[in-house]
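Everything below concerns the one structure shown next.
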Amino acid sequence: MEWVTVSQLGQYEGQEVELRGWVHNYRSSGKIQFIIFRDGTGICQAVVFIKDVPLDVFEAGKKLTQESSLIIRGAVRKDDRAPGGFEIGVKELEIVQIAAEYPITPKEHGTEFLMDNRHLWIRSARQAAILRIRNEITMAMHTFLQDRGFVLTEPPILMGTSAEGGANLFETKYVNDEPAFLSQSGQLYVEATAMALGKVYSFGPTFRAEKSKTRRHLIEFWMVEPEIAYYTHEDNMKLQEEFVSYIVQRVLERRADDLKTIGRDTTWLEKVQPPFPRITYTEAVELLQKIHKPEDEWQPIPWGEDFGAPHETAITQQFEKPVFVEKFPTKIKAFYMEPDPTNPDVVLGADLLAPEGYGEIIGGSQRMHDPEKLQLKFEEEKLDPEMYGWYMDLRRFGTVPHSGFGIGVERTVAWICGLDHVRETIPFARLLNRLRP
Ligand code: 4AD
Ligand code: MG
């Protein structure tokens with residue numbers, strides 16, 4: 001008999017198959033047992049009827065507990081009332097293990113309890129669906145970039161210098177006792193590989209020792225950083241809107257069942273198509289002043305200050321699609337951003353804010369490529385030219401305008417899944433006060 005998965009049952013209607021998995025839920029009533037069966041690809045109902053199986057099998061079935069592991073064999077029947085839409089008329093049942101009393105029951109549990117049991121919580125239908133959507137998003141990111149000729153180049157995780165400033169840097173000790181830092185961004189390295197290969201991207205873990213507890217921040221998160229030689233700020237934004245639209249549309253197409261499982265209303269996601277609206281930072285500051293109401297929990301900001309999460313939320317609520325906020329003040333952005341030639345107080349960079357209140361999912365910019373300007377910037381920001389010498393070399397040997405961006409995988413998953421916290425977007429979240437499991 002063929003071993004198939006729950007997700008494949010549609011192709012086996014009327015045939016006998018073998019399924020290997022776990023008991024998601026179980027109930028028995030005298031002559032009949034109902035096993036809600038899961039195998040990681042979905043759930044189906046398995047019915048054990050006393051007349052269809054040997055008596056010892058029926059008796060063994062009675063011992064099943066939640067999360068017991070088992071192999072079943074039987075005929076596939078379509079049943080619209082059954083969870084998952086298919087039912088197995090069980091003929092053979094092989095118990096692999098009767099599970100000990102399972103801590104997560106269908107009743108309500110608090111978030112901390114569930115996070116303490118994250119290694120088990122991921123078995124729930126909702127959490128498994130989110131992880132499958134995460135996988136779809138990851139694969140969509142790779143496919144989009146690979147189809148356009150981008151080369152995946154991995155920057156180091158252990159770094160000798162900081163990439164995004166010192167504030168939330170993770171320090172450790174290198175093998176020779178030199179100070180070393182966990183990567184906050186691979187950008188400086190993809191700038192180098194872009195000069196070697198043209199269009200590149202990195203896909204890797206990123207570490208930021210964020211001391212604040214928010215629903216958008218992880219200590220360890222995954223970032224995709226495309227970097228393109230000869231791209232301008234304009235080219236960069238165009239690439240981003242096509243990239244994000246592709247990801248969203250592919251998830252809608254391929255993971256409709258999972259989106260349904262988690263109860264995601266997809267009305268807004270369907271609108272995610274290029275072009276995305278664009279406003280400048282200055283316009284955003286004015287917009288916030290205009291829409292602010294006395295009862296709001298946030299205050300408008302003066303020009304020159306950075307947005308907080310509530311400001312981003314308020315801005316996105318004014319738009320149906322993701323919105324670019326471009327040309328931030330030079331003072332509040334990273335050293336590598338190219339100033340706007342028409343107004344050097346602002347940079348040729350943009351944040352992409354996701355709708356429905358989600359806020360920043362992408363940070364990107366055109367990079368400063370002029371060696372003299374960059375030298376001045378280094379002096380201004382007191383960056384050690386010794387440490388960044390190799391980065392300066394990129395400007396000495398055939399420098400060209402270039403641009404790139406970083407998209408946070410978890411924030412993208414949170415938005416597409418409609419989750420209110422990033423902790424459910426990654427198998428094992430690293431948060432303030434949470435390093436286990
Ligand atoms: O805006 P950020 O800091 O940009 C950079 O690191 C650039 N070097 C990227 C580049 O141009 N190559 O971070 C980029 C994105 C954010 O928009 C956000 O989605 C995500 O990374 N991010 C986080 N996600 C989860 N937890 C955190 N603590 C995050 N910090 C940033
Ligand atoms: Mg940013």
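Note that the structure is a prediction, hence the values are computed from the model and not measured. In each ligand, atom 1 is the first atom listed, and ligand 1 is the first ligand listed.
- Set against the non-hydrogen atoms of Glu210, the atoms of ligand 1 under 4.0 Å away are 28 (N).
- For Phe319 and Phe276, the distance between ring centers is not under 6.0 angstrom.
- Taking the six-membered ring where the residue is Trp, the centroids of His109 and Trp121 are separated by 6.0 Å or more.
- Distances from atom 28 (N) of ligand 1 to the heavy atoms of Leu188, Ile219, Leu218 show the closest one on Leu218.
- A distance below 6.0 Å separates the ring centres of Tyr201 and His142.
- A cation-pi arrangement is present between Lys333 and Phe328 under the rule of less than 6.0 angstrom and at most 45 degrees off the ring axis.
- For the pair Glu410 and ligand 1, no heavy-atom separation below 4.0 Å is found.
- Near Ser185, meaning under 4.0 Å from any of its heavy atoms, are these atoms of ligand 1: 6 (O), 8 (N).
- Side-chain atoms of Tyr246 and Gln273 include no donor-acceptor pair closer than 3.5 Å.
- Shown in contact with Arg216 at under 4.0 Å from a heavy atom are these atoms of ligand 1, numbered in order with element: 25 (C), 26 (N).
- Aromatic pair His402/Tyr230: ring centres not closer than 6.0 Å.
- Using a non-hydrogen distance threshold of 4.0 Å, Glu227 does not register as a contact of ligand 1.
- Numbered from 1 in the order shown, with element, the atoms of ligand 1 that lie under 4.0 Å from a heavy atom of Glu225 read 7 (C), 8 (N), 9 (C), 10 (C), 12 (N).
- Asn117 approaches Pro103 most closely through the heavy-atom pair OD1-CG, 4.1 Å.
- Of the polar atoms of Gly408, at least one N or O is found under 3.5 Å from an N or O of ligand 1, judged by distance alone.
- Remark: Glu326 does not engage Arg278 in a salt bridge, criterion side-chain N to carboxylate O under 4.0 Å.
- For Val422, no heavy-atom contact with ligand 1 is shorter than 4.0 Å.
- Counting heavy-atom neighbours within 6.0 Å of Asp393 CG, excluding the residue itself, gives a total above 12.
- Heavy-atom proximity to Arg367, at under 4.0 Å, picks out these atoms of ligand 1: 10 (C), 11 (O), 12 (N).
- Annotation: Met223 places no N or O atom under 3.5 Å from an N or O atom of ligand 1; distance criterion only.
- Salt bridge present: Glu136 and Arg255 bring a charged side-chain N and a carboxylate O closer than 4.0 Å.
- Pairing each heavy atom of Thr206 with each of Met223, the nearest pair is OG1-CB, 3.5 Å.
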Anything under 3.5 Å between a donor and an acceptor, one on a side chain of residues 417-425, the other on a protein residue two or more places apart or in another chain? List them.
{"residue": "His421", "atom": "ND1", "partner": "Arg423", "partner atom": "N", "Å": "2.9"}
{"residue": "Glu424", "atom": "OE1", "partner": "Gln127", "partner atom": "NE2", "Å": "2.9"}
{"residue": "Thr425", "atom": "OG1", "partner": "Val422", "partner atom": "O", "Å": "2.6"}

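- Ligand-side atoms of ligand 1 in range of Tyr336: 7 (C), 8 (N), range being under 4.0 angstrom from any heavy atom.
- Atoms of ligand 1 found under 4.0 Å from any heavy atom of Gly363 (numbered from 1 in listed order, with element): 1 (O), 9 (C), 10 (C), 11 (O), 17 (O).
- Only backbone heavy atoms of Phe405 (N, CA, C or O) come within less than 4.0 Å of ligand 1; its side chain stays farther off.
- In the candidate list Gln187, Arg208, Met337, Gln184, Arg208 is nearest to atom 13 (O) of ligand 1, counting heavy atoms.
- Taking the ring centroids of Phe34 and Tyr26, they lie at or beyond the 6.0 Å cut-off.
- Only protein atoms were considered; those of element N, O or S under 2.8 Å from the Mg ion (ligand 2) number 1.
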